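See structure below.
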Amino acid sequence: MAYWLMKSEPDEFSIKDLQAKQQAPWDGVRNYQARNFIREMQPEDQVFFYHSSCKQVGIAGVMSIVGTSYEDPLAVKKNSPYFDEKSLIENRWSAIDVKFEKAFEKIISLQAIKKLAQHDHRLDDLLLIKKGNRLSVMPISSAQWQCLMQQVDSI
DNA sequence: GCCAACGTTGGC
DNA sequence: GCCAACGTTGGC
């Protein structure tokens, strides 16, 4: 089983929205590296739900992967903001279904993660806090996952 | 709203 | 294949 982190702007789609729906497609990813990670995902993989571009940036909860990736329907939907003309002739973009697992009582803030990384070497290679990294989908090692989950328990 | 950093596009 | 210009991401 693998671990991941996926970003969403809570104004668009938040952990609460997922909680209400329980399951939802994760779509609209338009970056090749992120797309390739989506294609690697397997059922039951665990995923951090990260809130970006908002007042409280950080990890807001956990979801899990359902099934495997499929062609993103929004890419071929003409009136969608995620429509991509080139998708009509080739399978360019992928989506995957995610299931709600838990919403943290308190968000693990980006600031707290950065602070923790100063002392805990398990977070040394955490892509989230690498300078200039803008990936919206990224792999998380099991050591990193454990480290961050411990942080949840200690709050 | 600002801006650093990155990805993509397209001319050459 | 290079690289300038542009668009986007995302923290602050």
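Reminder, nothing fancy here: chain letters follow the sequence lines and each chain counts from 1. Only heavy atoms go into these numbers, but all of them, side chains included; no hydrogens, no water, no symmetry mates. Treat the numbers as computed from the prediction; the structure is a model and nothing was measured.
- The CZ-C1' distance, from A:R30 to B:dC6, rounds to 19 Å in whole Å.
- Dashed line: the shortest gap from a side-chain N or O of A:Y32 to OP1 or OP2 of B:dC6 is not under 4.0 Å.
- Ion pairing between a basic and an acidic side chain is recognised when a charged N comes within 4.0 Å of a carboxylate O; A:D84 and A:R92 show such pairing.
- Counting to the nearest Å, the P atom of C:dG11 and the NZ atom of A:K114 are 8 Å from each other.
- A:S53 comes within 4.0 angstrom of a base, heavy atoms only.
- With A:L135 as reference, A:Q33 is the one residue of A:Q33, A:K7, A:K130 to meet the side chain to side chain contact (heavy atoms under 4.5 Å, CB included) rule.
- More than 12 heavy atoms of other residues, nucleotides or ligands lie within 6.0 Å of CZ in A:F104, so this atom counts as buried by the packing criterion.
- Relative orientation of the A:W26 and A:F13 rings is perpendicular, given thresholds of 30° and 60° on the angle between their planes.
- Atom-to-atom, CG of A:L135 to P of C:dT9 comes out at 12 Å; the value is rounded to the nearest Å.
- Among the protein residues, A:L128 comes within range of no part of the nucleic acid, since none of its heavy atoms lies under 4.0 Å from any strand.
- Atom pair A:M138:CE and C:dG10:P shows a separation of 8 Å (rounding to whole Å applied).
- When rounded to the nearest whole Å, the span between NZ of A:K7 and C1' of C:dG10 equals 7 Å.
- Between A:L5 atom CG and C:dG10 atom P the separation is 11 Å, expressed in whole Å.
- No engagement by A:K55 is indicated, since no non-hydrogen atom pair under 4.0 Å with the nucleic acid exists.
- The nearest whole Å value for the distance from the CD atom in A:Q56 to the C1' atom in C:dC12 is 15 Å.
- Between the P atom of B:dA4 and the NZ atom of A:K131 lies a distance of 10 Å, rounded to the nearest Å.
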